[in-house]
Amino acid sequence: MNYDTIKEEIKDIDITLPPPKEEPERQYYFIKKLQHWMELKKEEKGRELTCCVNTFGCQMNARDSEKIIGILMMIGYKVVEDEDADLVIFNTCTVRENANLKVYGRLGQLKKIKNKNPEMITMLCGCMMQEESVVEKIKKSYRNVDIIFGTHNIFKFAELLSMKVLDRAESKKMIIDVWKDTTEIVEELPVERKYHFKSGVNIMFGCNNFCSYCIVPYVRGRERSREPEDIIAEIECLVKDGVVEVMLLGQNVNSYGKNLENPISFTELLRRVEKIEGLKRIRFMTSHPKDLSDELIEYLGESKKVCKQMHLPLQSGSDRLLQKMNRHYTKEGYLELVRKIRKAVPDIALSTDIIVGFPGETEEDFAQTMDVVEKVEYDSAFTFIYSKRTGTPAAAMEEQVDEAVVKERFDRLLAKVQEIAAKKAAEDVGKVEEVLVEEINDHDATLVTGRTSKNYLVHFKGDKSLIGSIVDVKLCESKGFYYIGELA
Ligand code: SAH
Ligand code: SF4
Ligand code: F3S
């Protein structure tokens, strides 16, 4: 269902009756109530009410924020970038300690803004809120937060907001609604996309892998796949609305569909998505090496729409550490996968995630990681310093590695990654590539910025009429991780 159809559905709802029990009708009911409230507020203030959604973390959170913004806009809020708004939401991440610190920093600043605008509503949601210790800390130290909810009940956003502004308008009490887990997937709520021509599409939620360092399974719950019919219907709707590129999202897309009543493989889903007329490009994230099938690799070689890019997180090149990380593959197994992928799609761009300083990492373990980096020659790599997450098995492991040692290894890895990335990018200079134009360049308004199939950024002369179209661009000069090009 698209935005306009949902709008029509909402029109037909009778808010003099008690709220319906079923979803999404229940949320439509609260959206309508809030629309009425919004009209009165606008009159009272003589202006529009503004909202700001601040997103931390990964693509999952980015997509969740689009859902929240969709509901906010349906209610009648004007979306602004500035945190000096009538409603501010932080959609948080907790994958590494740094992510949490950023949120606390911003919350401190928000206090000052709220002192100036006491009617301002502040909301916190996302992965951090799934941790009890975080919620306790906020209750104690950040009492001006109005609403806290988690990753499992974003669909309830309108209901929670209406509790605050309609039922408890005078109450200063914090509303907290965080669920431990859920089996529910609520479809058919409004979504406002950041780009009109490309979109993320959740194909599954949660994670079952419990890599020993990772908090995601604890804050996102167990793995749940969406029905293929729902995914296809959503993409068809997006394509009608102008989308040409989709990014299929899941923590481990390779295990998509295994737990559905009628099981289906990820490759089969891709085949069905590929058939959608008008859709030009398909990407997906993330592929766990342990579940990457030969069927998928073979399909990559045949597909006309799947982009020449794969993100294949390595984490470590040491068999000993891979086992301690609970990753279920070996260095050699990983390299064999890469060989198969390159055989099927010779010029595919590979990217990865690597953790430095996992408990017990020795110089020899690290050398194995460097060896994989040199052998695979990644087009890009996200490198992370290990961050201890309370509650994960790795947090209880002894032999946490000395900070200075980790920093030194991290710098060596980063230098190697950058050197290889620059070399890889240089290989394509002079080639003509299809580029999906995304936006006017931030620094120079005579340039536009787009992405190649391999997911490289290209800047070239052009104007906003090109945004959303796929054009042939010659890659003239490589700047390491982006190109300067010209329309071919
Ligand atoms: N589901 C994806 C990863 C999601 S988290 C996958 O399995 O590949 C994104 C990345 O954050 C991970 O790949 C890992 O490299 C990094 N990460 C996760 N937990 C971390 C931690 N405790 N410390 C440092 N990096 C971490
Ligand atoms: Fe975390 Fe591993 Fe799940 Fe990825 S697969 S989200 S790294 S537990
Ligand atoms: Fe962060 Fe949650 Fe994503 S912890 S990386 S926002 S799934």
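Because the structure is a prediction, the values reported are computed rather than measured. Remember, it's 1-based here, ligands and their atoms both numbered in the order they're listed.
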Below 4.0 angstrom from a heavy atom of [X], which ligand 2 atoms are there? Numbered from 1 as shown, please.
X    : value
H288 : 5 (S)
R327 : 2 (Fe), 7 (S)
C214 : 1 (Fe), 6 (S), 7 (S), 8 (S)
V216 : 6 (S)
F210 : 8 (S)
P217 : 8 (S)

Check: At a 4.0 Å cut-off, with the gap strictly under it, does some heavy atom of M128 reach an atom of ligand 3?
Finding: no
Next item on the list: Would you please determine whether M60 falls within less than 4.0 Å of ligand 3 on a heavy-atom basis?
Entry: no
Centroid-centroid distance, [X] to [Y], less than 6.0 Å:
X    : Y    : result
F157 : F30  : no
Y456 : Y483 : yes
F266 : F284 : yes

Under 3.5 Å side-chain donor-acceptor pair for [X] and [Y]:
X    : Y    : answer
E274 : S303 : yes
D353 : H311 : yes
E83  : N54  : yes
T94  : N100 : yes
Y386 : E361 : no

Checking a contact table here: which protein heavy atom is nearest [atom], and how many Å away?
atom                    : value
atom 5 (S) of ligand 2  : N209 ND2, 3.5 Å
atom 6 (C) of ligand 1  : T286 CG2, 3.8 Å
atom 5 (S) of ligand 1  : V95 CG2, 4.1 Å
atom 10 (C) of ligand 1 : D353 OD2, 3.4 Å
atom 8 (O) of ligand 1  : P313 CG, 2.9 Å
atom 7 (S) of ligand 2  : Y213 OH, 3.4 Å

Item checked: Polar side-chain atom of T50 near backbone of D86 as donor-acceptor pair, under 3.5 Å -> yes
Note to self: Treating K305 as the side-chain partner and R281 as the backbone partner, does any N or O pair qualify as donor plus acceptor under 3.5 Å?
What the structure shows: no
Check: So which of K290, Q251, K388 gets nearest to atom 3 (C) of ligand 1, if we judge by its closest heavy atom?
Finding: Q251
Checklist line | atom 1 (Fe) of ligand 3 to nearest N/O/S of C93 below 2.8 Å | finding: yes
Suppose I only count heavy atoms of [X] and a 4.0 Å limit; which atoms of ligand 1 are within that range?
X    : value
R327 : 7 (O)
Y386 : 23 (N), 24 (C)
R96  : 11 (O), 16 (C), 17 (N), 23 (N), 24 (C), 25 (N), 26 (C)
R389 : 22 (N)

Under a 4.0 Å heavy-atom limit, does [X] contact ligand 1 with its side chain, its backbone, both, or neither?
X    : result
T392 : neither
Y213 : both
S387 : both

Item checked: Test item, I355 contacting ligand 1 (heavy atom, 4.0 angstrom) -> yes
Check: Measuring from the heavy atoms of N252, does anything fall under 4.0 Å of ligand 1?
Finding: no
Note to self: How about CD on E332, more than 12 heavy atoms from neighbouring residues, nucleotides or ligands closer than 6.0 Å, or not?
What the structure shows: yes
Next item on the list: Quick one: pull up CZ in R224 and NE2 in H152 and give me the separation to the nearest 0.5 Å.
Entry: 6.0 Å
Item checked: Spatial distance of atom CE (M60) from atom SG (C207) [nearest 0.5 Å] -> 9.5 Å
Cation-aromatic face contact [X]/[Y], 6.0 Å, 45 degrees:
X    : Y    : value
K156 : F149 : no
R226 : F205 : no
K331 : Y334 : no

Check: Any Lys/Arg nitrogen of K416 or E374 sitting under 4.0 Å from an Asp/Glu carboxylate oxygen of the other?
Finding: yes
Note to self: Which heavy atom of F358 sits nearest to which heavy atom of A394, and what is that distance?
What the structure shows: CE1-CB, 3.8 Å
Check: Looking at ligand 1, does any of its N/O atoms fall within less than 3.5 Å of an N/O of Q315?
Finding: yes
Using a strict 4.0 Å cut-off to heavy atoms of [X], name the atoms of ligand 3 that fall inside it.
X    : answer
C58  : 3 (Fe), 5 (S), 6 (S), 7 (S)
N61  : 6 (S)
Q251 : 7 (S)

Tell me which part of [X] gets within contact of ligand 2: side chain, backbone, both or neither, using heavy atoms under 4.0 Å.
X    : answer
P313 : neither
K290 : neither
C211 : both

Check: Backbone or side chain, does C207 get an N/O/S atom under 2.8 Å to atom 1 (Fe) of ligand 2?
Finding: no
Checklist line | Aromatic ring pairing F197/Y195, orientation class (parallel under 30°, perpendicular over 60°, tilted between) | finding: tilted
Notebook entry, point to check: Considering only heavy atoms, does C127 approach ligand 3 within less than 4.0 Å through its side chain, its backbone, both, or neither?
Noted result: side chain
